[in-house]
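Below, each value reflects all heavy atoms present in this structure, side chains not excepted, and no hydrogens, waters or symmetry copies.
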Amino acid sequence: MVLMSAIRMVISWRFTYLASRCQVSLSASLGCLLLGLALLTGSAVAEDSRYQRTLLALQGSEAELKGRFAVAALLELNEVYLAEADLARKESESAEAPAKLYAWSRAVEQFASQLALVMDDIDFGLPVELQLNPREVAAVRVAGRTIMLAHPRHTQQLVYEQSVLNLFCAGNPCRELTSVAGKQSAIPMSAALVVAGWEFSEHGPICSHLQLQVSFKAAGNLRLQRQLCQQLMQEVEILATELAWQQRHDIDIDWDGLNIKSTPRRPEHLVLLNGVGDSLLVSLPLLYGTDQLLEQVSPWLQQRHSRDGPPAISLDASALGWE
């Protein structure tokens, strides 16, 4: 009963919080209403995403493994709601209606504290049920209490789901859960630190790594040029390895639709892999902040771990806006 009361308070204050930030125009009011409805129901989980396939595989798994996933999901949800509470508290200091934001903060903190109690129940060995909802987010049910695994900001649901996968898969056999027989391949590996090669001529320095090269101005700041080259080569190596790892786990990547988005109050970026909700969380400041850079290196990313190796790609630092 305490948990349900906390949930009702959070839902109620979601609308209050949204209303305090909406404009009075008709279009803005409709947008806020739709956002509120999305927050209540959560965004639908794509049927074929790795997150969804992991949940499906866990349906037939042992109770302990289900419990581990539930704890990972609730831990991430707890962190999310505590961050929301802290943000609301800070915003209340300069808000026109600080009491509403402060009350929202208190309600969210109470909900987060109840999540900790549910995790205690799991640790005590109470049965865990992972519920899949075709038009809503997944849920965890423990001892008659149901928790929707939904980020309070529906635009960050994919970030939450990927965070849950990262936490759960760090110590559990995710590959065995979602792999398809006969489609195993070598685990892609990349160097911990990329060492780029350099060539110098009257036209300017050129840095390169596995067929990917960047040309700089002859009169440029060499120290900055080295930093930019190192950052780029490190980012593409990390991203290429992560993408190859996803493909090994039977994730279809939409190379034409590959997109990088920022994540509020987090250092990582969200890389959208396809239209069914698969994504990555990885820090890519240069790829994210440089217009059309991802599109230019996409062929290299696709072939980095192929047998024939990546194609030759030349980039101009001035055209990218770096000089």
Side-chain angles (χ1 to χ4, degrees), residues 155 158-159 162 185-248 251-275 277-323:
T155 57
L158 290 180
V159 176
Q162 187 59 43
S185 58
I187 298 176
M189 300 291 290
S190 62
L193 180 64
V194 176
V195 179
W198 285 86
E199 297 179 12
F200 297 90
S201 70
E202 60 181 345
H203 302 293
I206 298 175
C207 81
S208 60
H209 170 64
L210 294 178
Q211 299 273 70
L212 177 62
Q213 67 175 30
V214 185
S215 302
F216 294 94
K217 289 182 178 179
N221 184 326
L222 183 58
R223 180 180 179 183
L224 178 59
Q225 291 170 346
R226 288 186 180 276
Q227 290 175 345
L228 285 167
C229 174
Q230 180 64 35
Q231 182 66 33
L232 173 64
M233 300 309 179
Q234 199 70 49
E235 287 186 22
V236 294
E237 269 290 353
I238 292 172
L239 181 55
T241 301
E242 290 291 335
L243 290 170
W245 191 91
Q246 293 291 325
Q247 287 181 304
R248 188 176 188 274
I251 301 300
D252 292 324
I253 297 176
D254 178 8
W255 294 101
D256 292 332
L258 205 63
N259 194 12
I260 303 176
K261 294 182 176 294
S262 62
T263 57
R265 301 182 297 282
R266 294 182 65 118
E268 305 97 336
H269 297 88
L270 182 70
V271 184
L272 302 178
L273 305 182
N274 51 44
D278 289 308
S279 60
L280 293 173
L281 272 179
V282 60
S283 180
L284 304 168
L286 204 56
L287 284 170
Y288 171 72
T290 305
D291 189 37
Q292 296 186 341
L293 178 56
L294 179 62
E295 291 84 349
Q296 294 185 57
V297 300
S298 180
W300 190 93
L301 295 171
Q302 293 183 49
Q303 300 298 320
R304 166 62 181 89
H305 291 282
S306 67
R307 179 177 299 178
D308 297 331
I313 293 180
S314 299
L315 305 174
D316 187 313
S318 297
L320 293 171
W322 294 351
E323 293 186 313

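With His209 as the fixed residue, the side chain to side chain donor-acceptor pair (under 3.5 Å) test singles out one of Gln234, Glu237, Gln230: Glu237. Test Leu243, Asn259, Asp254 against Leu273 for side-chain contact (heavy atoms from CB on, under 4.5 Å) and you get one pass: Leu243. No option in His203, Glu323, Arg226 other than Glu323 meets the side-chain contact (heavy atoms from CB on, under 4.5 Å) test with Phe216.
The two residues Glu235 and Ser283 have their closest heavy-atom pair at CG-O, 4.4 Å. Across every non-hydrogen atom of Cys229 and Ala196, the tightest pair is SG-CB, 3.7 Å. Of all non-hydrogen atoms in Leu212 and Met233, the two that sit nearest each other are O-CE, 3.3 Å.
To the nearest 0.5 Å, atom CG of residue Leu284 and atom CG of residue Leu232 are 10.5 Å apart. Remark: Gln246 CD to Ile253 CD1 distance equals 7.0 Å, nearest 0.5 Å. Here the OG-CD1 distance, from Ser279 to Ile260, works out to 12.5 Å after rounding to the nearest 0.5 Å. Taking CG from Leu287 and CG from Leu301, the interatomic distance works out to 7.5 Å, rounded to the nearest 0.5 Å.
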Show which side-chain atoms of residues 289-298 pair as donor or acceptor with protein atoms under 3.5 Å away, not counting sequence neighbours.
from, atom 1, to, atom 2, distance (Å)
Thr290, OG1, Leu286, O, 2.9
Thr290, OG1, Trp322, NE1, 3.1

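Of the possible donor and acceptor atoms, none in the side chain of Ser208 sits under 3.5 Å from a partner among the backbone N and O of Gln211. Although no hydrogens or angles enter the test, the distance criterion places a donor-acceptor pair under 3.5 Å between the side chain of Asn274 and the main chain of Asp252.
Side-chain atoms of Pro311 and Gln303, non-hydrogen and from C-beta on, do get closer than 4.5 Å to each other. For the pair Leu270 and Leu281, the minimum side-chain heavy-atom distance is below 4.5 Å.
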Derivation and outcome, side-chain contact (heavy atoms from CB on, under 4.5 Å), residues Trp300 and Leu315: CA-CA 12 Å; Trp300 190 93; Leu315 305 174; over 6 Å; no
Residues Arg304, Val236; criterion side-chain contact (heavy atoms from CB on, under 4.5 Å); working and verdict: CA-CA 9 Å; Arg304 166 62 181 89; Val236 294; over 6 Å; no
Check against side-chain contact (heavy atoms from CB on, under 4.5 Å), Leu228 and Val214: CA-CA 10 Å; Leu228 285 167; Val214 185; over 6 Å; no
Step-by-step side-chain contact (heavy atoms from CB on, under 4.5 Å) determination, Gln227 to Gln231: CA-CA 6 Å; Gln227 290 175 345; Gln231 182 66 33; over 6 Å; no
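Sorted pairs that involve residues 290-323 and meet disulfide (SG to SG under 2.5 Å), not counting sequence neighbours, are lacking altogether.
Between the side chains of Gln247 and His305, no donor N or O sits under 3.5 Å from an acceptor N or O.
Taking His269 as the reference, Tyr288 meet the ring-ring contact (aromatic ring centres under 6.0 Å, His included) condition, with sequence neighbours excluded.
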